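To start, the structure itself, in C-alpha cells.
Keep in mind it's a predicted model, so treat the numbers as computed, not measured. Naming: A, B, ... by sequence-line order, numbering from 1 per chain.
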Amino acid sequence: MSDLNDQATARREKLQKLMESGIEPYPHGYQITHDIASICDSFVSLFGTEVKIRTAGRIMRIARKGKISFIDILNNGASIQLVLSKAHMGEGYSLIPLLHLGDFIGVEAQAYRTETGQESLFTQSVEVLAKALRPLPVPKQKRNDDGSIEVFDPFSDTELRYRKRYIDILVNPESRTRFIWRARILTFIRSYLESHGFIEVQTPILQAQYGGAQARPFSTQYNALDMNVFLRISNELFLKQCIIGGLPRVFEIGKDFRNEGIDRTHSPEFTMIEFYQAFADYRDMMVHFEHIFAGAASAIHGSTVIDYCGTTIDLTPPWKRITFHEALKEHAGTDFDTMTEQEVRTWCRQEHIEVTENDTKGIMLLAIFAEKVEHRLIQPHIVHDYPRESTPLCKRHRVDGDLVEQFEPYINGWEMGNAYTELNDPQIQRTLLETQNDHGRGGADEDYPVDEGFLEAIEYGMPPTGGAGIGIDRMVMLLTGAQNIRDVILFPLMRPDNGTQAEKTAITK
RNA sequence: GGGCCGUUAGCUCAGCUGGUAGAGCAGCAGACUCUUAAUCUGCGGGUCGGAGGUUCGAUCCCUCCACGGCUCACCA
C-alpha cells in the first residue's frame, strides 16, 4: 500500500467505505432494459412516459452541484447524462461522493430533459457495478462556435496509447472507431469471398519449414517433439495444397510473422488474407482485388472515394492497369526494354541504386521499381507482368517468357498485396525453388529450404489457379486514415517497460 | 543498425544562460437544486526515465544505459 499514489489510495479508501456501508462493490451482474445507445436513439419516444429504464455504463464525468449532480455514463461508445437529485434519491444520494471517474454503475431512471434541454436520465437509484482503483485519463471536448471540436487534456502519448490500448480505445473515439472499422472491413471481405464460393480454412502457424515468401522467420523450440519450429511467413504453400485437395476456392485470414525491422508500414506480426481460386488466372484476381477494396471502403465510408490524410483516393473499379515495364518507363523516365544488362547496371550506378555484378537485369529492374516508382503510385494501380526473377511461385507469362504473370496493386505508394497466376508445373516449380535455395536470394546468409512436401503435393496435380494476398493492416491504414501500422494493431509488440513484470520475465540472460 | 528528437505529479504540459520544481484536469476536505472543458474556497501529491561524471550546488551541462517517436538503411 505504501507505494500507492494519492489517486489509488483515495479509491481504496472509498471502496472501503462502500463495503462498510454494506455495498458489494463488484456484484455479479445487472439486468438492463436498455443500453445507452438505444436510449439515445429512442429518446423522443421514451421522454414523457413512465417507462422505467435500467441501464449501465462507466462514469466519464461527475459534476456535483450540492443537492443535485450530473454524471455522464458511457457504454459501447454511447454516453448519456444522469441527473441525480437528493430530493428524489434520499439516502441513495450519499453514494455519489464515493464514486470516481471510471467506476461502472447501473441505474434505474426515466427519460428526462434538463432545463437547458439536454436529454438525460432522471435517476431513482444507483448501484455500483465495479469500482475502479486507478484514475482514468479523461479528455474533455469543447464544441466551439464555429463547430470545431477542441480537446483538452488529451490522452495522446504514443507509447502509452500502445501499451495501454484499453485506455486509448476507451477515451479516444477516433481510435475506437478505427478498430470497429477494422472489424467491418474483415466482415466485408469474408462475406465477399463467401458469396463468391470461397471457404475459409485455417492452416498451421507453427511449421517445421517455412516458405511462400522471401522473409526471415521467427523460430522457436518445441519441447515435446524436440524440434525447431518456425512461425509461418506466408500461407501460400498450404493453401495451394487445399486447391490440390479439391477445395477449389479457399481463403485464410490470419497472422504471418516476419523477423524483420519495424517501421511505419511493417510490423513483425501482421494480418494477411490469401485466397486461391482454381481455374482462374491473375486477371480474375485483379477483379477481386478491386472489388474487395471498393466494397470495404463502401462498407465503412459509404463511398468508394476516400480521403487518406488529405489525399483523395478513388478506389472505384476498374483501377488503372499498367505493366511493370510501362510503369518503369513512365516513372523512371527510361525505356529499359532495349537496354542490355550492363547498360542497366551502369544506369543504376548513376542513380545510386545499389546493384552487384551478379544481379540480373530483372533483379535490377525490381530495384529500380522500388526506388523510383512505388512511392509515385498514389491512385490505385495494378502493376502487372513482373520480371521472372521476382518470384519462384508464379507462372511464366503466356506471351513473354522473361516475365511472370504477377501483379501487385499499389495505392498511396504502398504495395497492398500480391497475386499470381500460380505456377502448377511441378518440374518447373522444383527447379525454381531449388535454384532459389542455391542462390539464397538475399545474396547473404539467408536460407530458403525447399519444401519437399509442397513439391510432392503439386506432383499429384494442381489445377490452373489464381492466387492473391492482401496485407490487411495496410488496407485498414488506408481506409481509416492511420499513419502508422501500429495504429491499426490493437496491442502492438513493445519492448518491456522498465520495472514491469514483463521485463522480469522477458529477460532471459 | 545509423541520424535527429523526446522522457518532469494519475493525464496533458510549463520550468529563462545550473541555485534541489509549477499549472490545469484528476484526487482529498468543505460549499452550491439544472450543470456541461476546467463552479467556488482550502489542501495534499514528484527518488524531474536510470546510473555515473563536472560543479560549492544538476530537471538544466557531459558520458553511458533503458524506453519511445520520426527518419534512413535492411526488409514485401
Name the pairing partner of B:rA58, where a pair is Watson-Crick or G-U wobble with both distances under 3.5 Å, or state none.
none

Using whole Å, report how far CZ of A:Phe152 lies from P of B:rU36.
14 Å

Please report, rounded to the nearest Å, how far the C1' atom of B:rC11 is from the CG atom of A:Leu170.
13 Å

Under 4.0 Å between any heavy atoms, over every strand shown, what does A:Ala370 touch: base, sugar-phosphate, or nothing? Just pick one.
nothing

Once you apply a heavy-atom cut-off of 4.0 Å, does A:Leu136 come out as touching a base, just sugar-phosphate, or nothing?
nothing

Do any side-chain nitrogens or oxygens of A:Asn5 fall under 4.0 Å of OP1 or OP2 in B:rG10?
yes

Strictly by Watson-Crick or wobble contacts shorter than 3.5 Å, is anything paired with B:rC34, and which nucleotide is it?
none

Would you kindly give the NZ-to-P distance between A:Lys65 and B:rG30, to the nearest whole Å?
18 Å

Select one nucleotide: of B:rU35, B:rU12, B:rG10, the one nearest the side-chain heavy atoms of A:Pro135.
B:rG10

Roughly how far apart, to the nearest Å, are B:rU17 and B:rG6 at atom P?
14 Å

For B:rA14 versus B:rG24, give the span between their C1' atoms, rounded off to a whole number of Å.
11 Å

Now, which nucleotide makes the Watson-Crick or G-U wobble pair with B:rG24, with each of the two distances under 3.5 Å?
B:rC11

Could you give the CD-to-C1' distance, from A:Gln7 to B:rG46, as a whole number of Å?
13 Å

Looking at every strand, decide which applies to A:Glu13 at a 4.0 Å heavy-atom threshold: base, sugar-phosphate, or nothing.
nothing

Does B:rG10 have its OP1 or OP2 closer than 4.0 Å to a side-chain nitrogen or oxygen of A:Arg134?
no

Using a heavy-atom cut-off of 4.0 Å across all strands, would you classify A:Tyr93 as base, sugar-phosphate, or nothing?
nothing

Pair partner, B:rG68 [Watson-Crick or wobble, under 3.5 Å]:
B:rC5

Taking any heavy-atom pair under 4.0 Å as a contact, classify A:Phe270: base, sugar-phosphate, or nothing.
nothing

Among the candidates B:rC34, B:rA37, B:rG10, find the nucleotide nearest to the side-chain atoms of A:Glu115.
B:rC34

Polar pair under 3.5 Å, donor/acceptor by atom type, side chain A:Arg61, base B:rU35
yes

Lys/Arg-Asp/Glu bridge criterion (N-O < 4.0 Å) met for A:Lys395, A:Glu422
no

Counting side-chain heavy atoms from C-beta on, which of B:rA29, B:rC34, B:rC11 comes nearest to A:Thr114?
B:rC34

Mapping A:Gln406 and A:Asn484 onto RNA chain B by nearest heavy atom, which one lands closer to the 5' end?
A:Asn484

Using OP1 and OP2 only, check whether a side-chain N or O of A:Arg486 sits under 4.0 Å from B:rG69.
yes

In this structure, how many angstroms lie between the P atom of B:rU7 and the CG atom of A:Asp157, rounded?
11 Å

Using 4.0 Å as the upper bound for N to carboxylate O, is an ion pair formed by A:Arg161 and A:Asp487?
yes

Are the charged groups of A:Lys361 and A:Glu389 less than 4.0 angstrom apart, N to O?
no

Partner nucleotide, any strand, of B:rU41 [Watson-Crick/G-U, under 3.5 Å]
B:rA29

What nucleotide among B:rC11, B:rU36, B:rA37 has an atom nearest to a side-chain atom of A:Gln118?
B:rU36

Nearest-Å distance once atom P is located in both B:rA21 and B:rC13:
23 Å

Taking any heavy-atom pair under 4.0 Å as a contact, classify A:Glu374: base, sugar-phosphate, or nothing.
base

Atom P, compared across B:rC11 and B:rC48: separation rounded to whole Å
16 Å

Can you tell me the base-pairing partner of B:rG18? Count Watson-Crick or G-U wobble geometry only, both distances below 3.5 Å, and say none if there is no partner.
none

Which part of the nucleic acid does A:Arg163 contact within heavy-atom distance under 4.0 Å: base, sugar-phosphate only, or nothing?
sugar-phosphate

If we call it a pair only when both distances are under 3.5 Å in a Watson-Crick or G-U wobble match, what pairs with B:rU63?
B:rA51

Basic-acidic side-chain contact under 4.0 Å: A:Glu159, A:Arg163
yes

If I pick the P atom on B:rG49 and the same atom on B:rU55, what distance separates them, to the nearest angstrom?
23 Å

Check whether any side-chain nitrogen or oxygen of A:Lys14 sits under 4.0 Å from OP1 or OP2 of B:rC28, and answer yes or no.
yes

If you measure from the Lys or Arg side-chain nitrogens to the Asp or Glu carboxylate oxygens, is any gap between A:Glu252 and A:Arg232 under 4.0 Å?
yes

Mind checking if A:Lys142 touches a base, just sugar-phosphate, or nothing, with heavy atoms under 4.0 Å?
base

Classify the side chain of A:Ser69 and the base of B:rU33 as holding, or not holding, a donor-acceptor pair under 3.5 Å.
no

Rounded to whole Å, the CD-C1' distance (A:Glu260 to B:rG1) equals 15 Å

Taking any heavy-atom pair under 4.0 Å as a contact, classify A:Phe70: base, sugar-phosphate, or nothing.
base

Under the criterion side chain to side chain contact (heavy atoms under 4.5 Å, CB included), I'd like the reasoning laid out for A:Met364 against A:Ile353: C-alpha separation, chi angles, the key distance, then a yes or no.
CA-CA 9 Å; A:Met364 291 187 285; A:Ile353 296 171; over 6 Å; no

Pair of N/O donor and acceptor under 3.5 Å linking B:rA37 base with A:Gln141 side chain:
no

Would one find a side-chain N or O of A:His266 under 4.0 angstrom from OP1 or OP2 of B:rC74?
no

How close do A:Tyr386 and A:Phe407 get, heavy atom to heavy atom, and via which atoms?
CE1-CA, 4.1 Å

Mind checking the C1' distance from B:rC43 to B:rC5? Whole angstroms is fine.
38 Å

Would you kindly give the OH-to-P distance between A:Tyr162 and B:rG69, to the nearest whole Å?
6 Å

At under 4.0 Å, does any side-chain N or O of A:Arg495 touch on OP1 or OP2 of B:rG68?
yes

Say whether, by atom type as modelled, one donor and one acceptor occur between the side chain of A:Arg396 and the main chain of A:Arg388 under 3.5 angstrom.
no

Can you tell me, in whole Å, how much space there is between the P of B:rA29 and that of B:rU63?
48 Å

Could you state the CG-P distance from A:Leu101 to B:rA37, rounded to the nearest angstrom?
15 Å

Checking the side chain of A:Arg165 only, and the main-chain atoms of A:Leu490 only, is there a donor and an acceptor separated by less than 3.5 Å?
yes

Which is true for A:Glu159 with a 4.0 Å heavy-atom rule: it touches a base, it touches only sugar-phosphate, or it touches nothing?
sugar-phosphate

Has the side chain of A:Thr421 got a donor or acceptor atom that lies under 3.5 Å from a matching backbone atom of A:Tyr282?
yes

Taking the C1' atom in each of B:rG27 and B:rC16, what is the distance between them to the nearest angstrom?
32 Å

